[in-house]
Amino acid sequence: MPASRSSSKRAVWAILRKECRSEWRTRYGLNAALLFAVTSLAAVSFAVGRMSDRPDVLAALLWVVLLFAALASLAHTFVRETEGHTMVLMRLVASPTAIALGKLLFNLLFLISIEAVTVPLFLILMGAPPPRWGPLLAVLGLGSLALGAGSTVVAAIIAQTRGRGALFAGVSFPVLLPILAAAVSGTRAQWTGAPVGAELRLLAAYAVALLAVSLLLYDHLWEDA
Amino acid sequence: MIARTLLLVWIAGWIVAAFLWAPLVPVLGETTRVLYFHIPAAWVTVLALAWSMIHSLLYLKRRNLEHDHHAAAAAEIGLLFCVVATVSGAMWAKAMWGAYWNWDPRETSIFFLLLIYVAYLALRSAIDQPERRARLAAVYSAMAFVSVPFLIFVVPRIYFSLHPDPLINPRGKVDMDPRIRVVFFALLAGFTMLFFWVQSLRVRVARVEHRLEERRGSAHER
């Protein structure tokens, strides 16, 4: 049915635009995440100093900073709907899958904008050796895709519970840890000159599996929300 | 009653055999014995997580709270066995590698499984209504299970591991001393049956708890 598919594509696009617009109006999510990223980066950099000869430590620190910044704000796309009681209206106009995809795309944009600021700053402040841009960008891209896919579902679950903010980090960690481990090891390999193919394949497979499972499960998430 | 007694006698008997009858593997020495408890516990961990995931999917399909009782019970028992596997592995690592923990790929996997169970139970504790709790926990469980094939089958094959499958099991198939093999598989079967027994007990408790909850709810309404 081409008609319904195009309308669903349009719904995804409309939700993405709506997310961007409502984020842009207040910008508190983005501001909080950037502030978080820069502050934790400053703390890390101040604590350990320049580390040009330790790519293993650098890779771990880079992803810890990125994950902290992202986790502080990724949940709020859904929490905003629950708190504003707009979820019901949203479900009237779009299918669960369209809502999920729209929010996932927004979360990806969000992650990319955090990375665009944090990664260059990290490279300068920590005195990192020059990266191989191709593998680094591939690891960052696939890592963000997997992180986004995992955290969007968990955010949708958490938005319907008590104690939302506190629970999100704890509950999403088990889903995100394998991604983090592969991303750290890929980033380290990129600095040491080792091949990153295994990590990229792992990240891609994990991202695809998470996306497939979450798209199948989204229908069950909004029934009495 | 008879089945339960037989199971306990079976496990106790094979534990005695593990210490008195089964030989030791040359390099591992006395630490060979951990094999009979550590691997079955790790196996039950994976079995329980799979059991929990299957019942979660069944719940999403049929909306019968009975499946939710099964999923939650399996997660609790799986957590227990996961702790047993982690602790016995750490003790073995201290004896053989000199440190309790060094982020070997297998240690990493079991630690992540531990976190998955804890997060599942934490999520359940944050939701009051039984139906919503069952639904959200089921979605989470199904999604968390995505990482299991990666943790168990992919990661230990990509990264270098010190884990001793090569010593006990050199050609990738079951190729141990016959006595070790007999005790090992007997205890593996024993642990598996132990899991299903404790699981049925826990599900029965969950049923009673649910009935009490409902009765209390209807008393409030009156």
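Naming: A, B, ... by sequence-line order, numbering from 1 per chain.
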If you count every heavy atom of other residues, nucleotides or ligands that lies below 6.0 Å from B:F196 atom CZ, does the total exceed 12? yes
Please check if the number of heavy atoms outside B:F111 that lie under 6.0 Å from its CZ is greater than 12. no
Under 4.5 Å heavy-atom distance to chain A, tell me which part of B:S125 shows up: side chain, backbone, both or neither. backbone
Flag the one option from B:L57, B:V139, B:I116 with the top tally of heavy-atom pairs under 4.5 Å to chain A. B:V139
Taking all heavy atoms of B:R63 and all of A:H220, pick out the closest pair and write down the distance. NH2-ND1, 2.8 Å
State, with a plain yes or no, whether a side-chain heavy atom of B:L136 is found less than 4.5 Å away from one of A:L221. yes
Spatial distance of atom CG (A:L217) from atom OH (B:Y140) [nearest 0.5 Å]: 13.0 Å
For chain B, which candidate among A:D219, A:L216, A:L177 shows the most heavy-atom pairs at distances under 4.5 Å? A:L177
Chain B contacts, top residue of A:S214, A:S172, A:G170, A:A205 (heavy-atom pairs, under 4.5 Å): A:A205
Taking side chain as everything from C-beta outward and backbone as N, CA, C, O, which of these in A:V213 sits under 4.5 Å from a heavy atom of chain B? Side chain, backbone, both or neither. side chain
More than 12 heavy atoms of other residues, nucleotides or ligands under 6.0 Å from CH2 of A:W13: is that the case? no
Proximal component of A:Y206, with respect to chain B [non-hydrogen, under 4.5 Å]: both
Tell me whether A:R201 at atom CZ has more than 12 heavy atoms from other residues, nucleotides or ligands lying less than 6.0 Å away. no
Side chains of A:P174 and B:F112, heavy atoms from C-beta outward: is any pair under 4.5 Å? no
Chi angles and distances behind the side chain to side chain contact (heavy atoms under 4.5 Å, CB included) call for B:L123, A:I158: CA-CA 8 Å; B:L123 177 66; A:I158 292 301; 4.0 Å; yes
At what distance, to the nearest 0.5 angstrom, does CD1 of A:I157 lie from CE of B:M143? 5.0 Å
Indicate the atoms forming the closest heavy-atom contact of A:L167 with B:A122, along with that distance. CD1-O, 4.2 Å
Any A:Q160 side-chain heavy atom under 4.5 Å of B:I127 side chain: no
